[in-house]
Amino acid sequence: MNHELFSDDTPLPIGDGALLLRGFALGVDDALLEAVDAVSAEAPARRLCTPGGHRMSVETTSCGRWGWVSDAAGYRYAECDPVSGRAWPAMPEPLRRIAVAAAARAGHAHFDPDTCLINRYAPGARMGLHQDRNEHDFSQPIVSVSLGLPIVFQFGGLQRSDRPQRVPLAHGDVLVWGGPTRLAFHGVLTLKAGIHPLTGASRINLTFRRAR
DNA sequence: CAGTAACG
DNA sequence: GGGC
């Protein structure tokens with residue numbers, strides 16, 4: 001029996017222009033987590049507030065030219081970390097490489113991310129349905145890397161009222177969406193408690209985008 | 001509404 | 001768990 005025939009890396013379509021690359025980051029997971037630790041040492045993750053005044057349940061930091069921030073003034077990209085007043089840490093090469101490779105695998109040959117949002121989920125943390133729409137160029141896709149504990153991703157449509165499909169995500173999975181679904185509503189359900197050998201009691205999500 | 005609460 |  002040739003198992004090569006059955007262990008293919010064919011991207012799984014989850015929508016029009018939206019693909020799940022199962023285990024795509026598995027070979028470089030250690031390097032990614034090491035990079036996340038380095039970024040977090042320079043720009044510690046913190047819980048942001050939404051414009052509506054609610055504290056988000058995830059802990060957020062960023063690297064790259066731009067960092068995603070949210071406060072009473074709204075959602076936006078900032079060149080400096082508002083906590084330190086300094087520029088965000090540079091995007092570590094292992095992070096950039098996996099994002100560019102995943103985008104290419106999904107058919108986006110010229111993805112050039114200038115920001116990586118790092119979200120840490122502890123048990124009980126979640127992310128409600130939302131659109132990534134603070135970027136300037138919607139022709140560039142979104143690349144999302146899952147590390148650590150599994151979670152259920154929700155991928156909806158272009159309207160909040162569209163019922164999202166549920167996609168279980170595991171350590172090493174990578175999602176790429178763009179084109180017709182670039183503005184699709186998405187989120188994740190509440191993280192359940194567990195222990196992952198590499199991340200312990202948490203899940204880490206890396207979201208790569210071209211902000212400008 | 002990148003949110004919570006209340007309610008079926 | 002899903003919609004407002």
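All figures in this text were calculated on a predicted structure; none of them were measured in a lab. We use all heavy atoms of the structure for the numbers below, so side chains are in, but hydrogens, waters and symmetry mates are not. Proteins come first, then strands; the chains are lettered A, B, ... in the order of their sequence lines, and each starts at number 1.
- Among the atoms of the strands shown, only primed sugar atoms or phosphate atoms (P, OP1, OP2) are found under 4.0 Å from some heavy atom of Thr50(A).
- Between Arg160(A) and dA2(B), a side-chain N or O to OP1/OP2 separation shorter than 4.0 Å is present.
- At the heavy-atom level, Leu129(A) lies under 4.0 Å from the strands shown only through sugar-phosphate atoms.
- Taking atom CZ of Arg46(A) as the reference point, atom P of dA2(B) lies 19 Å away to the nearest angstrom.
- The side-chain hydrogen bond (donor to acceptor under 3.5 Å, both in side chains) test with Ser144(A) singles out one residue from Asp132(A), Thr207(A), Asp173(A), Asn205(A), and that residue is Asn205(A).
- Rounding to whole angstrom units, CD1 of residue Ile118(A) and C1' of dA2(B) are separated by 17 Å.
- Between Leu183(A) atom CG and dA2(B) atom P the separation is 14 Å, expressed in whole Å.
- When rounded to the nearest whole Å, the span between CD of Gln165(A) and C1' of dG1(C) equals 17 Å.
- Side-chain N or O atoms of His110(A) include none that pairs as donor or acceptor with a backbone N or O of His108(A) at under 3.5 Å.
- Tested against Glu135(A) for a side-chain hydrogen bond (donor to acceptor under 3.5 Å, both in side chains), the candidates Arg182(A), Gln140(A), Arg210(A) yield a single pass: Arg182(A).
- Contact annotation for Arg209(A): base contact, defined as any heavy-atom pair under 4.0 Å involving a base atom.
- Here the side chain of Ser57(A) pairs a donor or acceptor atom with the backbone of Arg126(A) at under 3.5 angstrom.
- The side chain of Ser161(A) lies closest to dC4(C) when the candidates are dC4(C), dG3(C), dG3(B).
- As rounded to whole Å, 17 Å separates atom C1' of dC1(B) from atom CG of Leu158(A).
- Taking atom CG on Asp132(A) and atom C1' on dA2(B), their separation rounds to 9 Å, with Å as the unit.
- Across all strands, Asn134(A) comes closer than 4.0 Å to base atoms (heavy-atom distances).
- Taking side-chain N and O atoms only, Arg55(A) has no distance below 4.0 Å to OP1 or OP2 of dA2(B).
- Between Leu48(A) atom CG and dA2(B) atom C1' the separation is 9 Å, expressed in whole Å.
- Here Arg166(A) lies in heavy-atom contact (under 4.0 Å) with sugar-phosphate atoms only.
- The nearest whole Å value for the distance from the CD atom in Gln159(A) to the P atom in dG3(C) is 13 Å.
- Distance noted for atom C1' between dC1(B) and dA6(B): 16 Å (whole Å).
- By the stacking rule of 5.5 Å between ring centres and under 30° between planes, His130(A) stacks on the base of dA2(B).
- Stacking of Arg212(A) on the aromatic ring of Trp66(A) is recorded, both the 6.0 Å distance cut-off and the 45° axial limit being met.
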